Chemist: 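Handing you a structure now.
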Amino acid sequence: MKVWGRGDVTTQVSLQPALRFNGGGHINHSIFWTNLSPNGGGEPAGELMETIKRDFGSFEKFKEKMSVISVGVQGSGWGWLGYSKNSGRLQLATASNQDPLQGTTGLIPLLGIDVWEHAYYLQYKNVRGDYLKAIWNVINWENVGERLKAAMK
């Protein structure tokens, strides 16, 4: 876009909401689709499992906390498992609308759960909690583990 090269700050600022929404939507969904697999579910293994246990106490506690924050998103948004380079630990976070995790919190996204109603309405109607119980059956833990390894470098 020519506005960036021209230094047109007013136009650049006016474009920020659209860039955040549309760019964030692309980033978030690109992660989400790779986080899912018809052969997913179960539990993570290796370094990912050990890191989850260290930072959350157990895999079950992690799932419970992730589900609670995700069901609690008001309106549309995302529940996230992210990695903090500063602390070297996993953290949970939520994002409104299509806000990208890294751009708004600094956390590196590992696992995103789309809690926009369009993600679950046809199968789960407006019962977000049922969707969140079921999504664990399709999580691609191998992908999440690969993301963790890359984030820790």
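Since the model is a prediction, treat every value here as computed from it, not as a measurement.
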Chemist: State, yes or no, whether a side-chain contact exists between Asp114 and Tyr131 at a heavy-atom distance under 4.5 Å.
Modeler: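 Touching, per the 4.5 Å side-chain cut-off.
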
Chemist: Check the pair Asp130, Lys125 against side-chain contact (heavy atoms from CB on, under 4.5 Å), reporting the backbone distance first and the verdict last.
Modeler: CA-CA 9 Å; Asp130 287 352; Lys125 301 298 178 209; over 6 Å; no

Chemist: With a 4.5 Å limit on heavy-atom distance, are the side chains of Met66 and Leu111 in contact?
Modeler: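 Touching, per the 4.5 Å side-chain cut-off.
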
Chemist: Under the criterion side-chain contact (heavy atoms from CB on, under 4.5 Å), I'd like the reasoning laid out for Arg128 against Val73: C-alpha separation, chi angles, the key distance, then a yes or no.
Modeler: CA-CA 10 Å; Arg128 187 181 283 177; Val73 170; 3.7 Å; yes

Chemist: Is Ile135 reachable from Val68 through a run of hydrophobic residues whose side-chain heavy atoms are each under 4.5 Å from the next?
Modeler: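 Unlinked, Val68 and Ile135 end up in two clusters.
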
Chemist: Tell me the closest heavy-atom pair linking Ile31 and Pro109, and the distance in Å.
Modeler: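 Reported closest heavy-atom pair: CD1-CG, 3.5 Å.
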
Chemist: Identify the heavy atoms of Asp99 and Thr104 that sit nearest to each other, and give their distance.
Modeler: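 Minimum heavy-atom separation between Asp99 and Thr104: CB-CG2, 3.9 Å.
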
Chemist: Using the side chain to side chain contact (heavy atoms under 4.5 Å, CB included) definition, which of the options Asp55, Leu90, Leu107 pairs with Ser84?
Modeler: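 Exactly one option meets the side chain to side chain contact (heavy atoms under 4.5 Å, CB included) with Ser84, and it is Leu107.
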
Chemist: Minimum heavy-atom separation for Gly24 to Pro100, with atom names?
Modeler: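 Scanning both residues, the minimum pair turns out to be CA-CD, 4.0 Å.
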
Chemist: What I'd like to find out is whether the side chain of Leu132 reaches to under 4.5 Å of the side chain of Val115, using heavy atoms alone.
Modeler: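 The answer is yes; the side chains approach within 4.5 Å.
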
Chemist: Identify the heavy atoms of Ser70 and Gly79 that sit nearest to each other, and give their distance.
Modeler: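 Shortest heavy-atom separation between Ser70 and Gly79 comes out as OG-CA, 3.4 Å.
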
Chemist: Count the heavy atoms of every other residue, nucleotide or ligand shown that sit under 6.0 Å from CD of Glu43, and state whether that count exceeds 12.
Modeler: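 Atom CD in Glu43 is crowded, with more than 12 foreign heavy atoms closer than 6.0 Å.
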
Chemist: Take a 6.0 Å sphere around CD of Gln102 and say whether it holds more than 12 heavy atoms from other residues, nucleotides or ligands.
Modeler: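 Counting other residues, nucleotides and ligands, CD of Gln102 exceeds 12 neighbours.
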
Chemist: Tell me, do Pro44 and Val144 make a side-chain contact under 4.5 Å, heavy atoms counted?
Modeler: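 Side chain of Pro44 against side chain of Val144, heavy atoms only: no contact under 4.5 Å found.
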
Chemist: Can you find a heavy atom in the side chain of Trp136 that is under 4.5 Å from one in the side chain of Ile113?
Modeler: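 Sidechains of Ile113 and Trp136: in contact.
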
Chemist: Could you verify whether a donor N or O on one side chain and an acceptor N or O on the other, from Gln98 and Trp78, lie under 3.5 Å apart?
Modeler: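 The criterion, which ignores hydrogens and geometry beyond distance, is satisfied for Trp78 and Gln98.
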
Chemist: Does Lys133 reach the side chain of Tyr124, with side-chain heavy atoms less than 4.5 Å apart?
Modeler: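 The answer is no; the side chains never approach within 4.5 Å.
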
Chemist: Going by ring-ring contact (aromatic ring centres under 6.0 Å, His included), name the residues that satisfy it together with Phe56, two or more places apart in sequence or in a different chain.
Modeler: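 By the ring-ring contact (aromatic ring centres under 6.0 Å, His included) rule, Phe56 matches Phe62.
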
Chemist: Can you find a heavy atom in the side chain of Leu110 that is under 4.5 Å from one in the side chain of Trp80?
Modeler: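 In short, these two side chains do not touch, never coming nearer than 4.5 Å.
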
Chemist: Is any side-chain heavy atom of Thr11 less than 4.5 Å from a side-chain heavy atom of Ser14?
Modeler: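 Thr11 vs Ser14: side chains touch.
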
Chemist: Less than 6.0 angstrom separating the ring centers of Trp141 and Phe59, yes or no?
Modeler: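 Aromatic pair counts; centres sit under 6.0 Å.
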
